[in-house]
Q: 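Pasting a structure here, questions to come.
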Amino acid sequence: MAAHVPVAPGLPQMFKAGVKYFSGLQETLFSNLTACKALVCSLRTCYGPMGRNKLVVNHLGKSFHTSHAATILRELELENPVACLLRTTAEAQEAETGDGTNFVILLAGALLENAEKLLRSGVPVVHICAGYEMACKEALRLLPGLVCHVLKKPRDMEEVLWALQAIVGSKVFGHQNFLSSLAAKACISVLPQASTTFNPDFIRICKVPGGGVGDSCVLDGVVVCTEAEGVVRRVEKARIAVYSCPFGPSGLEAKSNVVFHSAAELKDFGGSEEKLMEQRIKAMAIAGINAVVVGGKVDDMALYYANKYRIMVVRLNSRMELQSLSQAVGATLLLSLVPPLPEAIGHCRRVYMSEIGSTNVVVFSQDGAACPVATVVLRGATQEMLDCLEEAVHDGISVYKILGGDPRLLPGSGATEMALSARLSTLGLYYPGSEQYGILEFSQALKTLPATLAENAGLPVNEVMAKMEVQHQLGMQNTGIKLVTEEADTINASKEGLLDPFLVKHRGVVLATQAAVTLLRVSEIMVAKKSGGPKPRGGNPNWDQEPDMLE
């Protein structure tokens, strides 16, 4: 009979075998902060316009060469609970504002690292959390006083370009003026005249390899990387029907048998299908349809009759592209291959097949007419470069959207963080309670962000930070770091056009503080045993044994 193995008293007695239980600061917080520091150190080098890229290969074997923190976090397979919570916080920032994910990660990581020092010094968790929350409230109170610019005219090209160039330049430095002009032009073109409600889904991005970044452009309409199916490659004054079904005879869902008693019946059966298809396509031609867009397979017989009646056929594989095209041309997406009603027909000035570089594309162009959809055609030498350009333009579009709700802008290049740090430091020095330690560490955590900008730019960090701190103590709250130089120098971020949206900073400070306080208030960790059956069989004959059991 097997000997009875006693179970440790306490909470482990209530759980099944295999459950892990951790308690105390050393096990719940200090051990997990190592993973947090590793994640923060990895993303710190991606912060700012001089940040470096990461090469991430996901579980599907797809590689990502990017400095976009949201993309990196989305593709990483994290298992540590602290790292997963930081990723969730960054995803919330990305969903709300579309920018500032790395800002949240670095600020939350600095708050946790500074809290670890206080905990090892004997400061209670309650006082640290209270100090962080008090500093967060004071920072949010001070933020409106740091506003240096307001986007008053969302349709003015120069003013929108001024607001977007810093955001776009933080992803692709050196091309910020050109790319921000593309993003501004696309955003203004799809902004409705009757209202200021902006929908970023009306802007499509088409990546065409080859050429240089300067070859990129904005087209009023839709550009899709595909070819025309038939012999008709160009249509003027197009009347378009959009179908989400295959272009051809509809097949039966279930298997069936057809019994023919004579050769005449067999001949009539094949001819009736052809007659029906010809009748449908002829009815489209009579209705004035000269271009058809389908989302399924194109049948050869249907394509023959489409060529006969001079109807251009374009096939799209994505339902999102079908919906975007329907909005651009004003068509109704039809579910079956029937002649559309007059109100369901889309209109376009010109539909033609062209070649950009060595890629065939079909362009639905309105030629200056009012169009609710615009396409940003990006050119680049490599796919990685195109992905970086797409992320930069996407962030610019997201920032334009949030500026429609809150048009206020703050000085960038580390000026806002340093101004908040200087004022919170003064508050912490004169606060009488134990919360002053949390306030002072919050102030120091804000300083790590401009210090990271200077470090990534290759500048002497201590000298730059000393100059910035002196000028902010003298009341120059718009003083930021001059990155494009080899010497430690500062600039007026407001005059140079280095601006950050107010809402991005506001939400970033709130989310980073909440993430740090949530982790500091954890006292116990209980991890359930992983579910699942035996390991999958493979080429290893000892697949069912642990690695340490093998010789």
Q: Within the distance-only criterion (no hydrogens, no angle test), does the side chain of Ser318 pair as donor or acceptor with the backbone N or O of Met320 below 3.5 angstrom?
A: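 Checking the backbone N and O of Met320 against the side chain of Ser318, a donor-acceptor pair under 3.5 Å is found.
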Q: Identify the two heavy atoms, one from Leu86 and one from Cys36, that lie closest to each other, and give their separation to 0.1 Å.
A: CD1-SG, 3.5 Å
Q: State whether the side chain of Thr518 and the backbone N or O of Gln514 hold a donor-acceptor pair below 3.5 Å, judged by distance alone.
A: yes
Q: So, taking the atom named CG in Asp489 and the one named CD in Glu463, what distance separates them when rounded to the nearest 0.5 Å?
A: 9.5 Å
Q: Donor-acceptor pair, Arg379 side chain versus Gly210 backbone, under 3.5 Å?
A: yes
Q: Kindly compute the distance separating CD (Glu94) from CZ (Arg87), expressed to the nearest 0.5 Å.
A: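 One gets 14.0 Å once the value is rounded to the nearest 0.5 Å.
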Q: Give the intermediate values and the outcome of salt bridge (Lys or Arg N to Asp or Glu O under 4.0 Å) for residues Arg74 and Glu391.
A: CA-CA 14 Å; Arg74 183 175 62 249; Glu391 291 167 354; over 6 Å; no
Q: Looking only at heavy atoms, which two atoms of Ala139 and Leu420 are closest? And how far apart?
A: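 Looking at all heavy atoms of both residues, the shortest contact is O-CD2, 3.8 Å.
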Q: Keeping the roles fixed (side chain from Gln477, backbone from Leu146), state whether a donor-acceptor pair exists under 3.5 Å.
A: no
Q: Between Thr97 and Gln93, is a side chain to side chain donor-acceptor pair (under 3.5 Å) present by the stated rule, with each step listed?
A: CA-CA 6 Å; Thr97 63; Gln93 174 76 2; 3.3 Å; yes
Q: Should His65 and Asp387 be marked as a side chain to side chain contact (heavy atoms under 4.5 Å, CB included) after you check the CA-CA gap, both sets of side-chain angles, and the distance that decides it?
A: CA-CA 8 Å; His65 185 265; Asp387 293 338; over 6 Å; no
Q: Tell me if a side-chain donor or acceptor on Ser425 pairs with a main-chain N or O of Ala422 at a distance below 3.5 Å.
A: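 No; zero donor-acceptor contacts below 3.5 Å.
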Q: Given the rule in the side chain to side chain contact (heavy atoms under 4.5 Å, CB included) test, do Asp395 and Val168 qualify, once you have shown the distances and angles that lead to the verdict?
A: CA-CA 7 Å; Asp395 284 355; Val168 176; over 6 Å; no
Q: For residues Val218 and Val376, determine if any side-chain heavy atom of one lies less than 4.5 Å from a side-chain heavy atom of the other.
A: yes
Q: Taking the basic N atoms (NZ, or NE/NH1/NH2) and the acidic carboxylate oxygens, is any pair closer than 4.0 Å for Glu390 and Lys207?
A: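 Counted as a salt bridge, because a side-chain N and a carboxylate O are separated by less than 4.0 Å.
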Q: Check for a donor-acceptor pair, side chain of Asn102 on one end and backbone N or O of Leu43 on the other, with a separation under 3.5 Å.
A: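 Checking the backbone N and O of Leu43 against the side chain of Asn102, a donor-acceptor pair under 3.5 Å is found.
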Q: Rounded to the nearest 0.5 Å, what separates atom CD1 in Ile167 from atom CG in Leu179?
A: 13.5 Å
Q: Are there over 12 heavy-atom neighbours, none belonging to Lys447, within less than 6.0 Å of that residue's NZ?
A: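 Yes, the 6.0 Å shell around NZ holds more than 12 heavy atoms from other groups.
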Q: Looking at Lys467, Gln471, His472, which hits side-chain hydrogen bond (donor to acceptor under 3.5 Å, both in side chains) with Thr490?
A: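 When side-chain hydrogen bond (donor to acceptor under 3.5 Å, both in side chains) is applied between Thr490 and each of Lys467, Gln471, His472, only Gln471 qualifies.
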Q: Pairs of donor and acceptor atoms involving the side chains of residues 398-418, under 3.5 Å and at least two apart or interchain, shall be tabulated with distances.
A:
from   : atom 1 : to     : atom 2 : distance (Å)
Ser398 : OG     : His394 : O      : 3.0
Tyr400 : OH     : Pro154 : O      : 2.7
Asp406 : OD1    : Arg408 : N      : 3.3
Asp406 : OD1    : Arg408 : NE     : 3.0
Asp406 : OD2    : Arg408 : NH2    : 2.9
Ser413 : OG     : Ile481 : N      : 3.1
Ser413 : OG     : Ile481 : O      : 2.5
Thr416 : OG1    : Pro411 : O      : 2.5
Glu417 : OE2    : Lys505 : NZ     : 2.5

Q: Under a 4.0 Å threshold between the charged nitrogen and the carboxylate oxygen, would Lys137 count as salt-bridged to Glu435?
A: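 Answer for the salt bridge query: no.
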Q: Taking C-beta and beyond as the side chain, do Leu191 and Arg155 meet within less than 4.5 Å on heavy atoms?
A: yes
Q: For Ser67 and Cys46, which heavy atoms make the closest approach, and how far apart are they?
A: O-CB, 3.6 Å
Q: Any side-chain to backbone donor/acceptor pair from Asn177 onto Leu161? Under 3.5 Å, distance only.
A: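 Pair absent, no side-chain N/O of Asn177 close to backbone of Leu161.
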Q: Going through the distances and angles, do Glu321 and Arg204 end up as a salt bridge (Lys or Arg N to Asp or Glu O under 4.0 Å)?
A: CA-CA 9 Å; Glu321 289 184 344; Arg204 300 185 69 255; 3.3 Å; yes
Q: In sequence, state the C-alpha distance, the side-chain angles, and the governing distance for Arg120 and Glu116, and then conclude on salt bridge (Lys or Arg N to Asp or Glu O under 4.0 Å).
A: CA-CA 6 Å; Arg120 293 188 184 278; Glu116 181 183 4; 3.0 Å; yes
Q: Enter the distance from Leu389:CG to Phe178:CZ here, rounded to the nearest 0.5 Å.
A: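 Going from the CG atom of Leu389 to the CZ atom of Phe178 covers 9.5 Å.
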Q: Check the pair Ile203 / Cys187 against side chain to side chain contact (heavy atoms under 4.5 Å, CB included), numbers first and verdict last.
A: CA-CA 7 Å; Ile203 300 178; Cys187 294; 3.9 Å; yes
Q: Of the non-hydrogen atoms in Pro49 and Leu483, which two are nearest, and what is the gap between them?
A: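 Smallest interatomic distance, heavy atoms only, reads CG-CD1, 3.4 Å.
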Q: Do Thr448 and Gln444 get their side chains close enough for a donor-acceptor pair, meaning under 3.5 Å?
A: no
Q: Provide the closest heavy-atom pair for Leu78 versus Cys84 in the form atom of the first, atom of the second, distance.
A: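 In this case the closest contact between Leu78 and Cys84 is O-SG, 3.6 Å.
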Q: Taking atom OH as the centre, does Tyr437 end up with more than 12 heavy-atom neighbours from other residues, nucleotides or ligands that are less than 6.0 angstrom away?
A: no
Q: Side-chain contact test, heavy atoms from C-beta onward, threshold under 4.5 Å: evaluate it for Tyr431 versus Met134 and give yes or no.
A: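 When only atoms from C-beta onward are counted, Met134 and Tyr431 do touch, with a gap below 4.5 Å.
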Q: Donor-acceptor pair, Ser443 side chain versus Ile439 backbone, under 3.5 Å?
A: no
Q: Side chain to side chain contact (heavy atoms under 4.5 Å, CB included) for Val82 and Leu85? Distances and angles first, verdict last.
A: CA-CA 5 Å; Val82 175; Leu85 181 59; 5.8 Å; no
Q: Using a strict 4.0 Å threshold on nitrogen-to-oxygen distance, state whether Lys54 and Glu75 make a salt bridge.
A: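 Salt bridge flag = no for Glu75 with Lys54.
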Q: Work out which heavy atom in Tyr132 is nearest to a heavy atom in Thr513; give both atom names and the distance.
A: O-CG2, 3.9 Å
Q: To the nearest 0.5 Å, how far apart are CH2 in Trp162 and CG in Leu498?
A: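 Atom-to-atom, Trp162:CH2 and Leu498:CG are 8.0 Å apart.
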Q: Please check if atom CG in Asn462 has more than 12 non-hydrogen atoms from other residues, nucleotides or ligands closer than 6.0 Å.
A: no
Q: Check each of Val509, Val504, Asp500 against Phe103 using the side-chain contact (heavy atoms from CB on, under 4.5 Å) test, and report the only one that passes.
A: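 Exactly one pass, corresponding to Val509.
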Q: Nearest 0.5 angstrom please: Leu378 CG to Asp215 CG, how far?
A: 11.5 Å
Q: Please walk me through it: do Arg507 and Glu96 pass salt bridge (Lys or Arg N to Asp or Glu O under 4.0 Å)?
A: CA-CA 8 Å; Arg507 297 304 303 163; Glu96 289 186 13; 2.7 Å; yes
Q: For His506, which residues count as a ring-ring contact (aromatic ring centres under 6.0 Å, His included) partner, sequence neighbours excluded?
A: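 Phe502.
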